[in-house]
Amino acid sequence: MKLLQYINDILADRKDLGLLVFRILIGLAFIWHGVPKLLSGPDGWTALGSMMGVLGIHIFPTFFGLLSGLTETFGGLFILLGLFYRPVAVFLVGNLMMATSIELASGAPLLQVSRPFEEGVFYLGAVFAGPGRYSLDALLHGKVREDVRITA
């Protein structure tokens, strides 16, 4: 038990480092998912957006496909950088909950449905956790060095 307490004590002070690692890895994963969607062009965007048809949404499939690709690609980039972190995380939650709904409505197996759901839960947690100290949001808002006081 002392070993577990020791490990907990070490990691408890490194929350911001953990958020940085999370942001980099999940941001890269979403860039990886989004770029092929974005580069697929109008035919690919239409195919992606038309998947919303299982939910009864048949309007503007090209626009919605493009929106999904943009959200994943640039959302992943902004998450990685910690820039506009919370608003971007909210967009990604919406994107992933739509993907979950589409998977459920299409009768996909639970294992396939669980992926976008779990990723959406990650981003929902990210909305509350924030980007951490090692982010562009923190840098822009002057919170990077708030724990260091300079005394003359």
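By convention here, the first residue in the shown sequence is residue 1. No hydrogens, no waters, no symmetry mates; every other heavy atom, side chains included, goes into these values.
Under a 3.5 Å cut-off, the side chain of Trp45 and the backbone N or O of Lys37 do form a donor-acceptor pair. Ser50 contributes a side-chain N or O that, together with a main-chain N or O of Thr46, makes up a donor-acceptor pair within less than 3.5 Å. Between the Arg23 side chain and the Ile79 main chain, a donor and an acceptor come within less than 3.5 Å of each other. One N or O on the side chain of Ser106 and one on the backbone of Glu103 form a donor-acceptor pair closer than 3.5 Å. In this structure, the side chain of Asp137 engages the main chain of Phe84 through a donor-acceptor pair within 3.5 Å.
Atom-to-atom distance recorded for Glu118:CD and Thr100:OG1 is 9.5 Å, nearest 0.5 angstrom. Atom CE of residue Met51 and atom OG of residue Ser68 lie 8.5 Å apart, to the nearest 0.5 angstrom. Taking CD1 from Ile57 and CZ from Phe64, the interatomic distance works out to 7.0 Å, rounded to the nearest 0.5 Å. Here the straight-line distance linking atom CD1 of Ile10 with atom CD of Gln5 works out to 10.5 Å at 0.5 Å rounding. Rounding to the nearest 0.5 Å places CG of Leu80 at 9.5 Å from CG of Leu136. In this structure, CG in Leu92 is found 9.0 Å from CD1 in Ile26, a value given to the nearest 0.5 Å.
In the hydrophobic clustering of this structure, Leu17 groups with Leu139; members are Ile, Leu, Val, Met, Phe, Trp, Tyr whose side-chain heavy atoms approach within less than 4.5 Å, directly or through other members. Under the 4.5 Å side-chain contact rule for hydrophobic residues, Leu28 and Phe78 share a cluster. Hydrophobic clustering of Ile, Leu, Val, Met, Phe, Trp and Tyr side chains at less than 4.5 Å, counting indirect connections, unites Leu70 with Leu81. Neither Leu48 nor Val113 shares a network with the other; the hydrophobic side chains, linked directly or stepwise wherever heavy atoms of I, L, V, M, F, W or Y lie under 4.5 Å apart, form separate groups for each. Linking Ile, Leu, Val, Met, Phe, Trp and Tyr residues whenever their side-chain heavy atoms come within less than 4.5 Å leaves Phe117 and Leu104 in two separate clusters.
Between Leu38 and Phe74 the shortest side-chain heavy-atom distance falls below 4.5 Å. Within the 4.5 Å cutoff, the side chain of Asp16 has no heavy atoms near those of the Leu20 side chain. A heavy-atom distance below 4.5 Å is not found between the side chains of Leu83 and Ser135. Residues Leu77 and Thr73 fail the side-chain proximity criterion, which asks for heavy atoms closer than 4.5 Å. Side-chain contact between Ser114 and Leu111 is present, with at least one heavy-atom pair separated by less than 4.5 Å.
For Phe22, the CZ atom sits in a packed shell: over 12 heavy atoms of surrounding residues, nucleotides or ligands are nearer than 6.0 Å.
Taking each heavy atom of Met52 and Ile102 in turn, the nearest pair found is CG-CD1, 3.7 Å. Between Leu19 and Gly132, the shortest heavy-atom contact is CD1-CA, 3.7 Å. Here the closest heavy-atom approach between residue Pro36 and residue His33 is recorded as CD-O, 3.6 Å. Contact between Val127 and Ala89 at its shortest, heavy atoms only, is CG2-CB, 3.6 Å.
Between Phe63 and Phe60, the angle of the ring planes goes over 60°, which puts this pair in the perpendicular group of the 30/60° scheme.
Of the residues Ile31, Asn95, Leu67, the one that meets the side-chain contact (heavy atoms from CB on, under 4.5 Å) test with Glu72 is Asn95.
For Phe30 and Tyr123, the distance between ring centers is under 6.0 angstrom.
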